[in-house]
Structure formats: C-alpha cells, structure tokens
K.L.:
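Mind having a look at this structure? Questions to follow.
As the structure is a prediction and not an experimental result, all values here were calculated from the model. Residues take their numbers from the sequence shown, with the count starting at 1.
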Amino acid sequence: MTPKHRQSDTKVTRLGISKQGSRHVRWAAIEAVSRHHGGGKIKADYRRIAERRGRNVARVAAARKVLTLVYYGLRDGEIRCLAESREG
C-alpha cells in the first residue's frame, strides 16, 4: 500500500496507492479500518486526515499503519507501541 510517486526534473506527481502486492490483503486492511478506524493513535490519525483530505484517503492511510504494525508484530513477536509499559 505504497503511494505512487512520479518525478521528472522539478515536476513531481503524487498519485494514489500502487497496485503492487496482494489485492486481497489491501482489501482486508481497508475493510478492517472502515468500520472502527482502528484504536488510539490510528483512530486519531484517521480523524485528522479525514478532516483534511477525505474519508477514503484516511482509510488507506490507517490501513497502511495497521499493516505496518502487523509486519513488526510478526517480525518481532510484539508490537512495541501497543506493549504494556514496564516501568515500575
């Protein structure tokens, strides 16, 4: 779910998300945030982006954040930003 970026000399064009990767994963990630918009920081980011850029752009941005958390969760075995604080 990476954004397209085309550049030639000083002209830059930013487009929608690229169609690389699994379309089923893209669909599932966007559906996951369409109803509840994630939780905590993801929900706050969704609302901030939705006010400025629209709901569809906010859904894709939130879905990308969720997929990033899933990746790091699978890689490291825990999601650090969601882990309990171990300070005592």
Side-chain angles (χ1 to χ4, degrees):
M1 295 189 67
T2 58
K4 291 181 187 176
H5 180 87
R6 303 200 189 276
Q7 182 174 350
S8 176
D9 195 25
T10 59
K11 183 178 178 182
V12 176
T13 305
R14 292 190 174 90
L15 305 167
I17 61 171
S18 67
K19 301 300 183 201
Q20 294 180 341
S22 171
R23 65 182 177 160
H24 298 294
V25 172
R26 255 193 330 269
W27 172 82
I30 292 174
E31 286 295 315
V33 299
S34 289
R35 179 73 174 160
H36 297 289
H37 315 301
K41 178 159 174 36
I42 294 173
K43 184 180 277 189
D45 289 343
Y46 170 84
R47 288 187 177 154
R48 179 178 49 82
I49 295 168
E51 287 176 8
R52 189 182 57 196
R53 307 269 321 265
R55 288 187 320 204
N56 289 336
V57 174
R59 284 181 186 145
V60 172
R64 180 177 163 88
K65 289 175 189 265
V66 167
L67 288 178
T68 301
L69 291 176
V70 168
Y71 170 78
Y72 286 116
L74 290 172
R75 186 188 77 174
D76 300 338
E78 70 174 341
I79 301 174
R80 289 185 215 118
C81 71
L82 301 177
E84 295 284 329
S85 172
R86 296 190 182 164
E87 296 176 19

K.L.:
Between Ala63 and Val33, what is the shortest heavy-atom contact and its length?
P.N.:
N-CG2, 3.9 Å
K.L.:
Under the side-chain contact (heavy atoms from CB on, under 4.5 Å) test, which residues partner Leu67, sequence neighbours left out?
P.N.:
Met1, Val25, Ala29
K.L.:
Suppose we screen for side chain to side chain donor-acceptor pair (under 3.5 Å). Which residues come up paired with Asp45, at least two apart in sequence or across chains?
P.N.:
Lys41, Arg48, Lys65
K.L.:
With a 6.0 Å cut-off (strictly less than), is the heavy-atom count around CZ of Arg52, excluding the residue itself, greater than 12?
P.N.:
yes
K.L.:
Taking side chain to side chain donor-acceptor pair (under 3.5 Å) as the test, write out the residues that go with Glu51, two or more places apart.
P.N.:
none
K.L.:
Check which hydrophobic residues are tied to Val12 through side-chain heavy-atom contacts below 4.5 Å, counting indirect links as well, and list them.
P.N.:
none
K.L.:
Run the side chain to side chain donor-acceptor pair (under 3.5 Å) test against Arg59 and tell me which residues pass, sequence neighbours left out.
P.N.:
Asn56
K.L.:
According to side-chain contact (heavy atoms from CB on, under 4.5 Å), who are the partners of Asp9, at least two apart in sequence or on a separate chain?
P.N.:
none
K.L.:
Applying side-chain contact (heavy atoms from CB on, under 4.5 Å), can you list everything that pairs with Tyr72, at least two apart in sequence or on another chain?
P.N.:
Thr68, Arg75, Asp76
K.L.:
Residues two or more places apart in sequence or in another chain: which of them pass side-chain contact (heavy atoms from CB on, under 4.5 Å) with Ala58?
P.N.:
Tyr46, Ile49, Ala50
